[in-house]
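Heads up, the thing below is written out as structure tokens.
Source: prediction; values computed, not measured.
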Amino acid sequence: MLERRLLIVDDYVNTAEETIPEYEGIFEDLQENQNLNYKITFLWEPTIQSAIERLSRKDEVIDVVLIDYDFNTGDQNTKGITLVKQIRETINKRCKIIFYTMHGINQISRGELIELINNDVFRFLSKSGETLPLKYEKVGNESDQLIIEAVIDAISNSDPISNTLEKYLVKYSHILDDLQIDIDGSKYPLNDLIKAIRLYQEPGNRFVNNLLEMSILEYLES
């Protein structure tokens, strides 16, 4: 089964003991009800700085980052928007970002909302659950389910090229284990290439650009 990785960045001290088990239970119910063909690994960082350090290492693929607005411990009241900007400027332009807060949208300044839009935030949610109706039948706490539904939607809307490659790899893994892709004279295992695409690194970016270029030329010449 495919794996998707969600990084929660929140200074709530009981995230690992309370929040993640609640999210896992909701996802398992929705996974079964909606026939989702992947699992989610839930990860957690309690501070903006620890999240930046983890993401900057670029040694693991993070598909979705769930970021809290308020950080009252460890970050000297730094807001989550700081992490959003850092991710987009220097770390990862492909991962989906979901931004949530205990406050309503009217409590977020106009400038911050513009920053969220400009930095390609996938969805903005209130933890109290009043921003959106549930998409699926209720299986758990409503505000928590809204968050998990947003994560599912983010995964569904993630990079189509790497998703297609990964599904292809899983389906034909028995005959593709030794396959290597030639990019600019160097050969790369398919698994390494998929990871590089998800991390927005070379040679993944080169492969995506080449693929898009071939598709455009084929379209123009048809």
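The number of heavy atoms from other shown groups lying within 6.0 Å of CD (Glu89) is above 12. Around CZ of Arg57, the count of heavy atoms belonging to other residues, nucleotides or ligands within 6.0 Å exceeds 12.
Taking the ring-ring contact (aromatic ring centres under 6.0 Å, His included) definition, one finds that Tyr23 meets it with nothing, sequence neighbours left out. Remark: Thr15 pairs with Ile8, Asp10, Tyr12, Thr19, Ile20, Trp44 by the side-chain contact (heavy atoms from CB on, under 4.5 Å) rule, at least two apart or across chains. Contacts of Asp192 classified as side-chain contact (heavy atoms from CB on, under 4.5 Å), with partners at least two apart in sequence or in another chain: Pro189. Partners of Tyr38 under the ring-ring contact (aromatic ring centres under 6.0 Å, His included) rule, at least two apart in sequence or in another chain, are Phe27. With sequence neighbours excluded, the residues that form a side-chain contact (heavy atoms from CB on, under 4.5 Å) with Glu149 are Leu30, Leu134, Lys135, Tyr136, Gln145, Leu146.
Within the 4.5 Å cutoff, the side chain of Asn119 has no heavy atoms near those of the Ile97 side chain. Put simply, the side chain of Ile67 does not reach to within 4.5 Å of the side chain of Tyr100, judged on heavy atoms. Inter-residue side-chain proximity for Leu55 and Leu7 is flagged as met; some heavy-atom pair is nearer than 4.5 Å. Residues Leu43 and Thr41 are in side-chain contact: their nearest non-hydrogen atoms beyond the backbone lie under 4.5 Å apart. Residues Val13 and Pro46 are not in side-chain contact: their nearest non-hydrogen atoms beyond the backbone lie 4.5 Å or more apart.
Applying the side chain to side chain contact (heavy atoms under 4.5 Å, CB included) test between Cys95 and each of Asp120, Asp63, Ile87 identifies Ile87 as the sole match.
Rounded to the nearest 0.5 angstrom, Glu60 CD and Arg54 CZ are separated by 4.0 Å. The distance from atom CD of Glu142 to atom CD1 of Ile26, rounded to the nearest 0.5 Å, is 10.5 Å. Here Glu17 contributes atom CD and Glu22 contributes atom CD; the two are 14.5 Å apart, rounded to the nearest 0.5 Å. Expressed to the nearest 0.5 Å, how far CG of Leu36 lies from CZ of Arg4 amounts to 11.5 Å. The line from CD1 of Ile81 to CG of Leu116 is 4.0 Å long, rounded to the nearest 0.5 Å. In this structure, Phe124 CZ and Ile117 CD1 are separated by 10.5 Å, a value rounded to the nearest 0.5 Å.
Not one N or O on the side chain of Lys85 forms a donor-acceptor pair closer than 3.5 Å with the backbone of Glu115. Lys195 places a side-chain N or O within donor-acceptor distance of the main-chain N or O of Asp59, the cut-off being under 3.5 Å.
Between Ala196 and Pro203, the shortest heavy-atom contact is CB-CD, 4.0 Å. In terms of heavy-atom proximity, Ile98 sits nearest to Leu125 at CG2-CD1, 4.0 Å. Of all non-hydrogen atoms in Val64 and Ala154, the two that sit nearest each other are CG2-CB, 4.0 Å.
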Anything under 3.5 Å between a donor and an acceptor, one on a side chain of residues 179-188, the other on a protein residue two or more places apart or in another chain? List them.
from   : atom 1 : to     : atom 2 : distance (Å)
Asp182 : OD1    : Gly185 : N      : 3.2
Asp184 : OD2    : Arg206 : NE     : 3.4

Stepwise side chain to side chain contact (heavy atoms under 4.5 Å, CB included) check, Ile148 with Asp144: CA-CA 6 Å; Ile148 295 304; Asp144 289 338; 5.7 Å; no
Step-by-step side chain to side chain contact (heavy atoms under 4.5 Å, CB included) determination, Ile155 to Ile40: CA-CA 10 Å; Ile155 291 170; Ile40 296 179; 3.9 Å; yes
